[in-house]
Amino acid sequence: MSVVVTLDDGRRQEFASGVTLLGVLEVIDPAAKKETIGATVNGYPVDLRSRLDQDAHVGFISVSSEEGLSMLRHSAAHLMAAAVEALFPGSRFAIGPAIADGFYYDIEPPRALTPEDLQAVEAKMRELTEQKLPFVRFELPLEEAIAKMNALGQPYKVEILETIRDRAAAGAGGAELEELETEVNRGADLVSFYSTGRFVDLCRGPHVLDSSVIRAFKLTHLAGAYWRGDERRPMLTRIYGTAFQTQEALEQHLFRLEEAKRRDHRRLGRDLDLFSMDDEVGGGLILWHPKGALVRTLIEDLWREEHLKNGYDLIYTPHVGRAKLWETSGHLDFYGEYMYAKMEMEGNDYYVKPMNCPFHIKVFQSKVRSYRDLPLRFAELGTVYRFERVGVLHGLLRVRGFTQDDAHIFCTPEQMVEEVTRAIDFSLFFLRAFGFDEYDACIATRPEKAIGDPALWDEATVALRRAADRAGLQYKIEERGGAFYGPKIDLKVKDALGRPWQCTTVQFDFNLPERFDITYVGDDNRPHRPFMVHRALLGSLERFFGVLIEHYAGAFPMWLAPVQARVIPVADRFQPYARQVSDRLRAAKARAEVDVRNEKVGFKIRDAEMQKIPYILVVGDKEATTGTVSVRRRGGQDLGVMPIDELVAVIQRELRPALQPAGLPQSEGGSIHQ
RNA sequence: GCCGGCGUAGCUCAGUUGGCAGAGCAGCUGAUUCGUAAUCAGCAGGUCGAGGGUUCAAGUCCCCCCGCCGGCUCCA
C-alpha cells in the first residue's frame with residue numbers, strides 16, 4: 001500500500017503507507033529537518049512522528065514561524081509540568097498553553113512555590129532536555145480518559161474532560177470547546193494524551209519530537225491565577241516562562257524586557273521628577289510635580305483648543321452630587337462597589353462622582369432643547385474617583401482619582417453615525433499628534449447583563465461598525481464586551497511591556513436618556529428621545545500621560561518637553577552670558593534655564609542628557625565674545641556653533657506640535673487644520 | 001479582593017549562625033573655574049513599614065496589620 005503526498009508547492013510524491021511525516025521530510029527536504037518542528041496534514045497541525053495512512057496534503061511547520069514557535073512553547077510548558085511533577089509529586093495540573101511571549105502552566109502544587117523553586121524547576125527541565133524524552137501521543141475513549149485522570153489524582157483534568165463530555169452531549173459547538181484552551185482533542189469520542197518521560201498529560205497537541213528540541217528557554221515569574229479565571233474558584237499557581245528557537249533569540253527577548261523596564265513610567269516619573277504617590281495620601285492618587293503638571297497643561301491646552309475648533313462646548317461640573325442623582329442614573333445600583341462612600345451633610349447624602357455623565361445630562365436638561373440645537377457636544381476635563389480594588393492599581397495606568405477628557409454628544413438617531421465617525425476621527429487626530437501610529441481597536445457588543453431592547457443594541461452596533469469603517473479603522477469584534485448600557489468602540493495603545501491600555505472609548509448609551517427622561521422638541525413639535533454618545537479620547541490624563549512617558553521613554557518631543565533648553569556655562573564667569581542666552585530663548589517662548597551649579601561641563605552635560613532635555617547649549621569664552629552658542633541635541637548630536645538669532649529660529653520651528661488634519665470634512669465649528 | 005514575593009537614609013542596595021545600622025548616588029559646606037555623559041574633601045541624613053511576641057539581646061526568629069511589586073479577577 002502506498003499514499004500520495006501533495007506538498008504546498010504542488011509537488012506530489014508516493015510513500016509507503018504508515019510513513020511518518022519525519023520520514024516524508026527526510027526524503028523531500030532533508031536540509032530543512034533542523035528547522036522543522038511540526039507538520040500539517042490537510043491543514044491540521046500534527047506531530048512529525050505521526051503516520052500517514054491515506055493520501056494527504058502535507059505542509060511543514062518551521063520553528064521560526066509563529067505557529068512553530070507557539071508549538072515549541074507549548075511543548076516547553078509540558079516539559080515544565082514534567083519537571084514540577086518530578087520535584088513536587090502530587091501536583092495537580094490545570095492548563096498550560098503557549099501565549100504571546102512564551103507559555104505558562106497553572107498548577108496546584110502540594111506546597112506554595114518560591115522563586116528559588118523556579119530555579120530548581122528550570123534546572124530539572126535542563127536535565128530532562130538532555131535525556132531526549134520523546135513526546136508520545138496516545139488516545140483513549142472519553143470515559144476511560146476520565147477514569148485515568150481520576151486515578152492519577154488530577155481533578156482539574158477530570159473537570160476539563162467532563163466539560164467536554166457535557167458540552168458534546170448538549171451539542172455545543174467547537175467554539176465552546178475552544179475555550180478550554182489547548183487540552184482538547186476536538187470533535188472526537190477519543191481524547192489524546194501525551195507522555196513525556198513519566199509525565200502524562202491530557203493534550204490536543206501537537207508537540208515537538210522530543211525534549212532535546214527545547215533548548216533556549218527560561219522560567220520568568222510566578223503568579224496566582226484563578227482556575228478558569230473565576231474568582232470564586234481555587235487560586236492556582238501560574239508559572240510563566242518563555243522559549244525560543246535559539247539562545248540568541250531568547251537573550252534578545254530578555255534584553256527587550258530589560259529595556260522595557262528602563263522605560264517604565266513609574267521609574268521615569270521619579271527620575272524626571274514628573275509625579276509621585278504617597279502612602280499617606282493613599283494608593284492610586286497622583287501628585288503631579290511641576291514638570292509633570294506642565295506637560296499636562298500643554299496636553300490640556302491643545303485639547304481645549306481643538307475641541308472648541310471641532311464644535312464642542314466646554315463645561316465644568318461639580319465633583320460631588322446628591323444621592324438622588326446617582327439613584328436616577330443607576331450608578332448606585334450598577335456601579336456602587338466602585339464609588340467612594342457617601343458623605344452625609346445636613347441630612348443630605350452626597351457622593352464623589354465616579355463618572356461625569358449625570359452632570360452633563362443635567363446641563364442638557366437645564367432648558368428645552370430643539371432639534372435645531374443638535375448635535376450638542378458637551379466636553380469636560382472631568383476629575384472622577386473610583387474605588388478600585390487595591391490589587392489592580394498600577395502607577396499612572398490604573399488609579400483611583402483621574403481626569404477624563406470626557407464628552408457627551410446628544411444627537412438625533414440620524415446624526416449618530418456621523419457623530420461617532422467624527423469622534424473616532426478626532427481621536428486618531430490626537431493619537432497622531434502625540435506620536436501614536438499603532439493601536440488595537442475593537443467593537444464590543446451586548447453583554448449578558450444588559451439593559452435595553454436587543455434590537456436597539458443591534459442597530460447601535462451596526463451604526464458603530466459603519467462609523468468605524470467610515471473612519472478607516474481596522475478593528476476586531478469583542479463579543480459581549482460592551483458596557484451594560486450600550487455597545488462601544490475602544491482603542492488601545494501598548495505600554496513598555498507590551499500590555500495594552502485602553503485610552504479612547506466611544507460608547508453608545510441607552511441607559512441615561514431613559515432614566516433621566518431627556519427629550520428634545522422635533523420639527524413635529526413633539527418630544528423625542530435623543531441618542532447619547534459618551535466618549536473619552538485620551539481616556540484619562542493620568543493613564544495617557546503614563547503611556548506617553550513610556551512611548552517616548554521620557555524623551556518628550558520638543559513641544560512637550562518640560563525644559564526645552566539648558567544653557568551650560570563652562571565656568572562661573574560666563575554665567576551672565578548664559579543668562580543672556582536663556583533670556584533670549586525665554587523671550588521667544590522657549591522653556592530655557594541655566595545650569596549655574598559649580599560643576600564641570602561633563603557633569604552638567606551628563607545631567608542634562610539624563611533629564612532628556614532636547615537642547616544643551618554650552619557657552620564659554622569663544623561664544624561669549626562672538627555672540628554664539630555651541631548647540632548639542634539630546635542624544636549627543638553636535639549641531640556646531642551658531643549665532644543666538646539662528647538658534648532662536650531653529651528652536652521656534654519646533655515649539656508647536658506637528659499636527660496632521662483629521663481625515664474627514666468638517667462641518668460647523670471650524671477646521672482642525674493648524 | 002485573591003496567590004506569590006518584597007518593605008533598611010530622598011534613590012539603588014549591603015547587613016554572616018540573633019551580638020554597637022553600612023555603602024554609592026542625591027543633599028548641605030568648602031576647595032577647584034574646568035569645553036560636550038560623573039572634580040576632590042568634609043558634613044549631615046535611620047522609631048530598619050506599624051503593632052505585638054520569643055530572647056540577656058531582634059534589622060535578623062514568630063504572629064498580625066499596612067504598603068509596594070508580579071500576576072489573576074475587574075477597568076479609563
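What you see below is based on every heavy atom in this structure, not just the backbone, and it leaves out hydrogens, waters and symmetry mates. Only a predicted model underlies this, so the values are computations on that prediction, with no experimental measurement involved. Just so it is clear: chains get the letters A, B, ... in the order the sequence lines come, proteins before strands, and each one is counted from 1.
- For A:F402 and B:rA76, the ring-to-base geometry satisfies the stacking test (centroid distance below 5.5 Å, interplanar angle below 30°).
- Taking only distance into account, the side chain of A:R535 never meets the base of B:rA76 through a donor-acceptor pair shorter than 3.5 Å.
- One P atom belongs to B:rG24, the other to B:rA14, and the distance between them is 16 Å to the nearest Å.
- When rounded to the nearest whole Å, the span between NE2 of A:H331 and P of B:rA76 equals 11 Å.
- As judged by a 4.0 angstrom heavy-atom cut-off over every strand, A:Q502 is placed among residues touching the sugar-phosphate backbone only.
- For A:W288 and A:F402, the ring centers are positioned 6.0 Å apart or more.
- Using P as the reference atom, B:rA38 and B:rA26 are 12 Å apart when rounded to the nearest Å.
- In this model, the phosphate group of B:rC68 is not approached by any side-chain N or O of A:R266 to a distance below 4.0 Å at OP1 or OP2.
- In the interface, the side chain of A:Y226 is not paired with the base of B:rG71 through any donor and acceptor atom under 3.5 Å apart.
- Between the base of B:rC74 and the side chain of A:R398 there is a donor-acceptor pair shorter than 3.5 Å.
- In this structure, A:R267 does not reach the B:rC11 phosphate: none of its side-chain N or O atoms is under 4.0 Å from OP1 or OP2.
- The two atoms that bring A:G435 and A:H551 nearest to each other are O-NE2, 2.8 Å, heavy atoms only.
- Phosphate proximity of B:rC72 to A:R233: absent, as no side-chain N or O sits under 4.0 Å from OP1 or OP2.
- Remark: C1' of B:rU12 and CZ of A:R270 are 9 Å apart, rounded to the nearest angstrom.
- Between A:K488 and A:D509, none of the side-chain N atoms (NZ, or NE/NH1/NH2) sits under 4.0 Å from a carboxylate O, so this pair counts as no salt bridge.
- B:rC74 and B:rC65: their C1' atoms are spaced 25 Å apart (whole Å).
- On the P atoms, B:rA41 is 37 Å away from B:rC61, given to the nearest whole Å.
- As rounded to the nearest Å, B:rC25 and B:rC6 have C1' atoms that lie 22 Å from one another.
- Nearest nucleotide to the side chain of A:V390, out of B:rC34, B:rA38, B:rC68: B:rC68.
- Side chain A:E280 to base B:rG67: no donor-acceptor pair is found below 3.5 Å.
- At B:rU73, none of the side-chain N or O atoms of A:R228 fall inside 4.0 Å of OP1 or OP2 (strictly under the cut-off).
- Within the structure, a side-chain polar atom (N or O) of A:H394 is placed less than 4.0 Å from OP1 or OP2 of B:rG70.
- Among the atoms of the strands shown, only primed sugar atoms or phosphate atoms (P, OP1, OP2) are found under 4.0 Å from some heavy atom of A:K488.
- Backbone-only contact: A:G602 has heavy atoms under 4.0 Å from sugar-phosphate atoms and none from a base.
- Residue A:V601 is classed as a sugar-phosphate contact, given heavy-atom separations below 4.0 Å to backbone atoms only.
- Between A:F387 and A:Y338, the gap from one ring centroid to the other reaches at least 6.0 Å.
- Of the listed residues (A:R566, A:R632, A:K604), just one forms a salt bridge (charged side-chain N to carboxylate O under 4.0 Å, His left out) with A:E609, and that residue is A:R632.
- Shown here, B:rU54 forms no base pair; nothing in the strands shown gives a Watson-Crick or G-U wobble contact with both key distances under 3.5 Å.
- Not a single donor-acceptor pair, N or O on each side, falls under 3.5 Å between the base of B:rU36 and the side chain of A:R606.
- Distance A:E599 CD to B:rG30 C1': 13 Å, rounded to the nearest Å.
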Inset, instruction - Would you check, one step at a time, whether the test ring pair (Phe, Tyr, Trp, His ring centres under 6.0 Å) holds for A:F574 with A:Y577? - result: CA-CA 5 Å; A:F574 302 112; A:Y577 180 65; 8.3 Å; no

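- When rounded to the nearest whole Å, the span between CG of A:L222 and P of B:rC6 equals 12 Å.
- Comparing the C1' positions of B:rC40 and B:rU33 gives an interatomic distance of 14 Å, to the nearest angstrom.
- Residue A:D490 is out of contact with every strand shown, counting any heavy-atom pair closer than 4.0 Å.
- Nearest heavy atom pair, residue A:I99 against residue A:R73, reads O-NH1, 4.0 Å.
- Pair check for B:rC34 finds none; no Watson-Crick or G-U wobble contact set falls under 3.5 Å.
- Here the side chain of A:P115 is nearest to one of B:rG5, B:rC75, B:rU33, namely B:rG5.
- Contact check, A:K604 against B:rA38: no side-chain N or O comes under 4.0 Å of OP1 or OP2.
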